[in-house]
Amino acid sequence: MSSYQTTHNARFARPAANSRDLHRPLAPRDDLHSVMVWREQRTVTAALTLHYNKVLFLLEPPPLSKELARKRVDVCEYPDGTVEMMPRINQPAVVDNKHLDAALALAREIQAIAPHHRQRNNYAPARRDQPTHLFPEPEASEKIDRRRLGRPKLKRGPRLSQVELQERGTLEFVKAR
């Protein structure tokens, strides 16, 4: 833990109001792998390429991939860093129902207000936070202090008195304190 985190935790940490552990165990039907996933929609180009998170993916041309050309797919990124592309499944037509119509009308209004495209960099987890991700970062090189490169540091001369400044004619640029 960094020194900042240590001082932050020491300053702001508070004991829990209730010390009992209230977590429920997972049910047998709960699948965390399918729940803990970041999903976004992308369109496969005619050249079988796909842009996702500043990366261009090239799909191999077997018959299944050729069927995806110019179609929308779901790109799923899992916490372990794996990326998976799945074709979008068309949902069946909704049967008229007076309760369902109101819910669908509300959903349409919410979608009309919400932005159409989200920025991954603002909402998604960063790749560097994942232990094994698709594109590892290069090893950190030794930091160079750019201030010490090049010419030596300028030495400051002694300060001039008001009489010396007056002789040089620069007193008018100095503001009186």
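The figures that follow rest on heavy atoms only: side chains count, while hydrogens, waters and symmetry mates do not.
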request  = Taking Asn9 for its side chain and Thr6 for its backbone only, find out whether a donor-acceptor pair lies under 3.5 Å.
outcome  = no
ask   = Any side-chain heavy-atom pair from Lys66 and Pro61 closer than 4.5 angstrom?
value = yes
message = Any heavy-atom pair between the side chains of Leu56 and His51 that's under 4.5 Å?
response = yes
Asp74 CG to Arg39 CZ distance, which is reported to the nearest 0.5 Å = 6.5 Å
Minimum-distance pair of heavy atoms, taken over all atoms of Ala46 and Ala69 = CA-CB, 4.3 Å
Gln41, CD atom: more than 12 neighbouring heavy atoms under 6.0 Å = yes
key: Candidate pair His33 and Asp31, rule side-chain hydrogen bond (donor to acceptor under 3.5 Å, both in side chains), full reasoning   = CA-CA 5 Å; His33 186 72; Asp31 181 19; over 6 Å; no
inquiry  = Let me confirm one number: the CG-CG distance from Leu68 to Leu59, rounded to the nearest 0.5 Å.
reply    = 7.0 Å
note = Nearest heavy-atom contact between Asp21 and His23 is OD1-ND1, 2.5 Å
inquiry  = So Val73 and Met86, do their side chains get closer than 4.5 Å, heavy atoms only?
reply    = no
inquiry  = Between Thr45 and Leu50, is there a side-chain heavy-atom distance shorter than 4.5 Å?
reply    = no
remark   = Interatomic distance, OG1@Thr49 vs CZ@Arg42, rounded to 0.5 Å, equals 12.5 Å
query = What heavy-atom pair brings Ser65 and Leu48 nearest, and what distance separates the two atoms?
reply = O-CD2, 3.1 Å
inquiry  = Tell me whether the rings of Phe57 and Tyr52 are parallel (<30°), tilted (30 to 60°) or perpendicular (>60°).
reply    = tilted
inquiry  = With rounding to the nearest 0.5 angstrom, report the CD to CE distance, Glu77 to Met85.
reply    = 10.0 Å
ask   = Sub-3.5 Å donor-acceptor pair from the side chain of Glu164 to the main-chain atoms of Ser161, do we have one?
value = yes
key: Partner residues of His8 under the ring pair (Phe, Tyr, Trp, His ring centres under 6.0 Å) criterion, sequence neighbours left out   = Tyr4, Phe12
query = So does Met36 have more than 12 non-hydrogen atoms from other groups sitting under 6.0 Å from CE?
reply = no
request  = Return the minimal non-hydrogen interatomic distance between Thr43 and Arg72, and the atom names on each side.
outcome  = OG1-NH1, 2.8 Å
